[in-house]
Amino acid sequence: MDSIVVKGNGPLNGQIPIAGAKNACLTLMPATILSEEPLTLTNAPRLSDIKTMTQLLESLGAEVSSLQDGKVIAMSSHNLDNHIADYDIVRKMRASNLVLGPMLARLGHAVVSLPGGCAIGARPMDLHTYGLEKLGAQIELKDGYLHAKAPGGLKGAEMELAFASVGATENILMASTLAKGTTVIKNAAREPEIVDLADCLRAMGAQIEGDGTPTIVVQGVDRLGGATHAVVTDRIELGTYMLAPAIAGGEVELLGGRIDLLASFCEKLDAAGISVEETEKGLKVARRNGRVKAVDVVTEPFPGFPTDLQAQMMALMCTAEGTAVLEEKIFENRFMHAPELGRMGANIEVSGGTATVHGVERLKGAPVMATDLRASVSLILAGLAAEGETVVNRVYHLDRGYERLVEKLSNVGAIVERVPGV
Ligand code: EPZ
């Protein structure tokens, strides 16, 4: 397995282009199932998770072509011939469960493997099935697979999610576009990826209002057409690279960056003494002098502080002036990076969903282990300002969510190298 070697090399300077969002693309691709006509996505990220979703859609009979060096994904679900999402694909990537709603709506039946356990939490699908059953589906769990059917088609309904789940909102939203009548989803997730999905579905002919607010209203239609849609900027990749100059010093411009995607995160950077400015091409982030200040963070659904930036923010707080308290409210086991940062000399106490980070002067490089996608990149960030060499092992986690990371960081002056595994 490959590893990445990082050497602290002082302040960073230059530009980093931000790609299209993984978490938008992974819900936009299953939307092809809703229509017989072609759906084309532009500004697509080049990631291993996108390849896995391609494999899944092809296993259902969709045609998926990757064009323009992977930045364009052309799809057609004209000839779907399989309604089973196999465990062997689903276990590699939980987002595979986003084919359930579209298949149910288009085909009237679907069999989708439950993804199983995940490093960061139990992540059940009870809210997905709750919403789809409200639309009239009959769902049964058999041999680790959800068997869902709606022989008479789905019917619009009113529902309230117990928690503003991103995935459940996406599955229900896609299914309700072809349901008879009106669907009202209360306490819906408000993430920018949901708004991006709704924009794409509207371009396909869906009637949707309220996306981005807690209440989404959908008027079902008989059929959806095709469309071409540009994937929204990846706010988590953006936030991750905004922290590079914050941790190592210097000034970096993030091309395609937008403050509205990360307002609560930018507020925390400002409180920590990091300057964030809008530019013509995106955002400029700089840490000019002195140590960053410790700030407390609580992760929440959008527009709150994103859980997918908690690990990276912890890396920044490791060398902050003072003590920072980070509360993880979304996932029950998302501090696996803390003991690895501890190997680099960080002073972190974890108790349940709370991590207390006592800032130290400087971290020291060490061999560390990546445990999940965001934990792995927090170790890379920590290595940017550490004394000596940091070796991050099991970097396949990174390939799932960061395209061309070594190239992007090297271009702004970081010493980062990928070392092939033996
Ligand atoms: C999406 O996951 C993202 N993944 C995650 O990003 C992100 O961390 C998460 O939203 C929260 O922002 C994709 O979009 C592919 P949820 P999702 O349903 O949809 C519980 C990354 O690093 N829950 O909002 O799975 C669940 O257990 C990944 O890119 C239920 O209890 O997240 C969790 O505690 C990691 N029952 C909480 O809700 C359900 O039916 C949030 O989950 C569904 C969820």
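Keep in mind that the numbers below use all heavy atoms, side chains included, and drop hydrogens, waters and symmetry copies. First listed ligand is number 1; within each ligand, the first listed atom is number 1.
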Are the side chains of [X] and [Y] in touch, meaning some heavy atoms are under 4.5 Å apart?
X      : Y      : value
Leu146 : Leu100 : yes
Asp69  : Arg46  : yes
Ile194 : Val166 : yes

[X], any N or O under 3.5 Å of ligand 1 N or O:
X      : result
Asp308 : yes
Glu170 : no
Asn23  : yes
Phe331 : no

### Query
Checking side-chain contact (heavy atoms from CB on, under 4.5 Å) for the pair Leu80/Arg106: CA distance, chi angles, key distance, verdict?
CA-CA 10 Å; Leu80 296 181; Arg106 165 91 184 276; 3.6 Å; yes

Is it the case that the side chains of [Y] and [X] hold a donor-acceptor pair, with the cut-off being a distance below 3.5 Å and no angle test?
X      : Y      : result
Glu63  : His78  : no
Gln310 : Thr299 : no
Thr240 : Gln312 : yes
His337 : Ser378 : no

### Message
Taking Val325's backbone N and O only, do any of them form a donor-acceptor pair with Asp296's side chain (distance below 3.5 Å, no angle check)?
### Response
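Looks like yes, one N/O pair under 3.5 Å.
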
### Query
Within the distance-only criterion (no hydrogens, no angle test), does the side chain of Thr129 pair as donor or acceptor with the backbone N or O of Asp126 below 3.5 angstrom?
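Yes, the answer is positive, given that a donor and an acceptor are paired below the 3.5 Å cut-off.
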
Quick test: of every protein heavy atom, which one is nearest to [atom], and how far off is it to 0.1 Å?
atom                    : result
atom 22 (O) of ligand 1 : Arg374 NE, 2.8 Å
atom 17 (P) of ligand 1 : Arg123 NH2, 3.7 Å
atom 40 (O) of ligand 1 : Leu127 N, 2.7 Å
atom 36 (N) of ligand 1 : Asp126 OD1, 2.6 Å
atom 11 (C) of ligand 1 : Thr307 CG2, 3.9 Å
atom 24 (O) of ligand 1 : Val166 N, 2.8 Å
atom 18 (O) of ligand 1 : Ser165 OG, 2.6 Å
atom 34 (O) of ligand 1 : Ile330 O, 2.6 Å

Which atoms from ligand 1 have a heavy atom of [X] less than 4.0 Å away?
X      : result
Met125 : 40 (O)
Lys22  : 21 (C), 29 (O)
Gly167 : 18 (O), 19 (O)

### Query
Would Arg334 count as a contact of ligand 1 if the rule is a heavy atom under 4.0 Å away?
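It does; at least one heavy atom falls under 4.0 Å.
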
### Query
Could a heavy atom of Pro124 be found less than 4.0 Å from some atom of ligand 1?
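The answer is yes, since Pro124 has a heavy atom less than 4.0 Å from ligand 1.
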
### Query
Of the backbone atoms (N, CA, C, O) and the side-chain heavy atoms from C-beta on, which set of Phe163 has a member under 4.0 Å from an atom of ligand 1: side chain, backbone, both, or neither?
side chain

### Summary
Note: Asp372, heavy atoms under 4.0 Å from ligand 1, region reported as neither

### Task
Using the six-membered ring wherever Trp is involved, compare the ring planes of Tyr402 and Tyr241 and label them parallel, tilted or perpendicular (cut-offs 30° and 60°).
perpendicular

### Query
Can a protein heavy atom be found under 4.0 Å away from atom 20 (C) of ligand 1?
no

### Task
Go through the steps to decide whether Val252 and Lys284 satisfy the test side-chain contact (heavy atoms from CB on, under 4.5 Å), and finish with yes or no.
CA-CA 6 Å; Val252 170; Lys284 188 159 51 184; over 6 Å; no

